[in-house]
J.: 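The structure's right below; bear with me while I get my questions together.
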Amino acid sequence: MSLIKPLGGEVTVHMKAPVEEVWALVSDVTRIGEFSPETFEAVWTHGATGPAVGARFKGHVKRNGVGPVYWTPCTVTKAVENEVFEFGVGLDASPINTWGYRMQAENGGTRVTEYFRLTPAWYIRGYWLLLGRLRGKTNERGMRTTLERMKAVLEEVSEA
């Protein structure tokens with residue numbers, strides 16, 4: 001058994017909505033404040049206006065939903081329409097972690113997986129060894145909350 005657990009986690013939720021609607025929602029970073037318990041707003045920066053590899057945005061984060069509050073730079077690392085939207089958090093050359101959404105049409109709706117992966121630098125591995133279990137659980141609760149809130153909006157729109 002490894003001392004260091006995988007540097008990340010994921011949560012999957014099935015949504016009764018077409019994959020195109022899910023993609024449009026998860027890739028619109030300006031709407032994240034409606035869903036996330038930590039990131040209460042985000043704006044495209046450096047001329048970006050939507051999801052494309054290399055597009056940049058910044059997220060306004062309230063850590064653990066209580067603070068501290070700070071802006072964090074993000075760069076889109078994957079943007080495959082109706083399949084995956086992923087971004088790195090931190091400076092372009094050395095992101096601290098990567099967050100993303102994978103989507104797959106399934107049973108008349110979409111299976112959506114939100115995930116995060118920490119960069120495996122030595123100092124991140126040390127942090128994960130000490131606090132990883134606690135932070136991982138917090139992130140998983142936050143991802144489930146985000147996905148469930150998105151699901152509620154998407155399923156209401158799809159039923160209308």
Side-chain angles (χ1 to χ4, degrees), residues 5-65 70-92 94-120 124 128 132 135-160:
K5 302 290 183 210
L7 301 173
E10 62 182 44
V11 171
T12 300
V13 171
H14 185 271
M15 301 181 187
K16 295 177 186 172
V19 70
E20 296 84 8
E21 290 178 15
V22 175
W23 162 262
L25 187 62
V26 302
S27 65
D28 182 356
V29 301
T30 65
R31 293 194 64 191
I32 194 61
E34 297 173 46
F35 312 109
S36 173
E38 284 194 2
T39 304
F40 57 91
E41 68 179 320
V43 294
W44 293 107
T45 62
H46 297 83
T49 57
V53 172
R56 294 170 71 176
F57 65 95
K58 61 182 179 177
H60 208 178
V61 176
K62 191 171 193 176
R63 188 71 163 178
N64 296 320
Y70 54 91
W71 283 97
T72 186
C74 302
T75 303
V76 177
T77 54
K78 292 182 184 174
V80 180
E81 192 169 346
N82 303 329
E83 291 182 27
V84 64
F85 176 69
E86 181 183 280
F87 55 93
V89 177
L91 302 174
D92 292 346
S94 56
I96 294 171
N97 62 23
T98 301
W99 289 84
Y101 299 89
R102 290 188 306 270
M103 294 143 273
Q104 183 174 0
E106 177 183 85
N107 298 328
T110 305
R111 180 170 36 115
V112 186
T113 301
E114 183 176 1
Y115 59 91
F116 77 97
R117 301 284 180 265
L118 295 171
T119 301
I124 298 291
W128 196 248
R135 186 64 209 173
K137 287 192 178 301
T138 299
N139 284 354
E140 287 172 11
R141 275 192 309 274
M143 289 186 292
R144 181 154 314 277
T145 296
T146 298
L147 290 175
E148 291 293 341
R149 289 174 178 172
M150 288 178 169
K151 175 181 177 158
V153 167
L154 286 165
E155 290 183 355
E156 182 178 309
V157 168
S158 289
E159 291 175 2

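Everything numeric in this text was worked out from a predicted model, so none of it was measured.
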J.: Hey, could you give me the NE2/CZ distance between H46 and F57, rounded to the nearest 0.5 Å?
T.: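 Between atom NE2 of H46 and atom CZ of F57 there are 13.0 Å.
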J.: Kindly give the heavy-atom pair with the smallest separation between H14 and E155, and that separation in Å.
T.: O-OE2, 4.1 Å
J.: Is the backbone of T12 close enough, under 3.5 Å, to the side chain of T113 for a donor and an acceptor to pair up by distance?
T.: no
J.: Does some side-chain heavy atom of V13 sit less than 4.5 Å from a side-chain heavy atom of M150?
T.: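 Side-chain contact under 4.5 Å: no.
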J.: Can you find a heavy atom in the side chain of E21 that is under 4.5 Å from one in the side chain of M15?
T.: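 The answer is no; the side chains never approach within 4.5 Å.
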J.: Tell me whether T75 contacts the main-chain N or O of G88 through its side chain, where contact means a donor paired with an acceptor under 3.5 Å.
T.: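 Pair absent, no side-chain N/O of T75 close to backbone of G88.
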J.: Does the side chain of K58 reach to within under 4.5 Å of the side chain of V43, using non-hydrogen atoms?
T.: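 They are in side-chain contact.
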J.: Going by heavy atoms in the side chains, are V84 and Q104 under 4.5 Å from each other?
T.: no
J.: Give me the ring orientation class for W71 and H60: parallel if the planes are under 30° apart, tilted from 30 to 60°, perpendicular past 60°.
T.: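 W71 and H60: parallel rings.
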J.: T110 versus V19: any side-chain heavy-atom pair under 4.5 Å?
T.: yes
J.: A side-chain contact here means heavy atoms from C-beta on lying under 4.5 Å apart; do V26 and F35 qualify?
T.: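 Of all side-chain heavy-atom pairs linking F35 with V26, none is under 4.5 Å.
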J.: Looking at N82 and E20, what are the two nearest heavy atoms and their distance?
T.: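 Residues N82 and E20, closest heavy atoms: OD1-CA, 3.4 Å.
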J.: What is the distance from atom NZ of K16 to atom CG of N107, rounded to the nearest 0.5 Å?
T.: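 That separation rounds to 10.5 Å.
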J.: Do you know the tightest heavy-atom contact between C74 and V89?
T.: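 Minimum heavy-atom contact is SG-CG2, 4.0 Å.
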J.: List the atom of I32, the atom of A42, and the distance in Å for their closest heavy-atom pair.
T.: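 Minimum heavy-atom separation between I32 and A42: CG2-CB, 3.9 Å.
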J.: Of the non-hydrogen atoms in P95 and T119, which two are nearest, and what is the gap between them?
T.: O-OG1, 2.5 Å
J.: I need the E10 CD to E114 CD distance, nearest 0.5 Å.
T.: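 CD of E114 is found 10.5 Å from CD of E10.
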J.: Taking R102 for its side chain and V112 for its backbone only, find out whether a donor-acceptor pair lies under 3.5 Å.
T.: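 Not at all, since once roles are kept as given, no pair shorter than 3.5 Å links the two residues.
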J.: Only pairs at least two apart or in different chains count here, so list each salt bridge (charged side-chain N to carboxylate O under 4.0 Å, His left out) that has a residue in residues 137-146.
T.: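 Counting only pairs at least two positions apart or across chains, no salt bridge (charged side-chain N to carboxylate O under 4.0 Å, His left out) contact touches residues 137-146.
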J.: What's the spacing between D28 CG and F85 CZ if we round to 0.5 Å?
T.: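 Atom-to-atom, D28:CG and F85:CZ are 9.0 Å apart.
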J.: Quick one: are Y101 and T146 in side-chain contact, heavy atoms under 4.5 Å?
T.: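 A side-chain contact under 4.5 Å exists here.
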J.: Could you report the tightest heavy-atom contact between L147 and V11, atom names first, then the distance?
T.: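 Scanning both residues completely, I find the closest heavy atoms to be CD1-O, 3.4 Å.
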J.: Taking E86 for its side chain and T77 for its backbone only, find out whether a donor-acceptor pair lies under 3.5 Å.
T.: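 Side chain of E86 to backbone of T77, a donor-acceptor pair under 3.5 Å: no, none is there.
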J.: Which distance, rounded to the nearest 0.5 Å, do you find between the NZ of K62 and the CD of E41?
T.: 12.0 Å
J.: Could you check whether any side-chain heavy atom of P51 comes within less than 4.5 Å of a side-chain heavy atom of W44, counting everything from C-beta outward?
T.: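 When only atoms from C-beta onward are counted, W44 and P51 do touch, with a gap below 4.5 Å.
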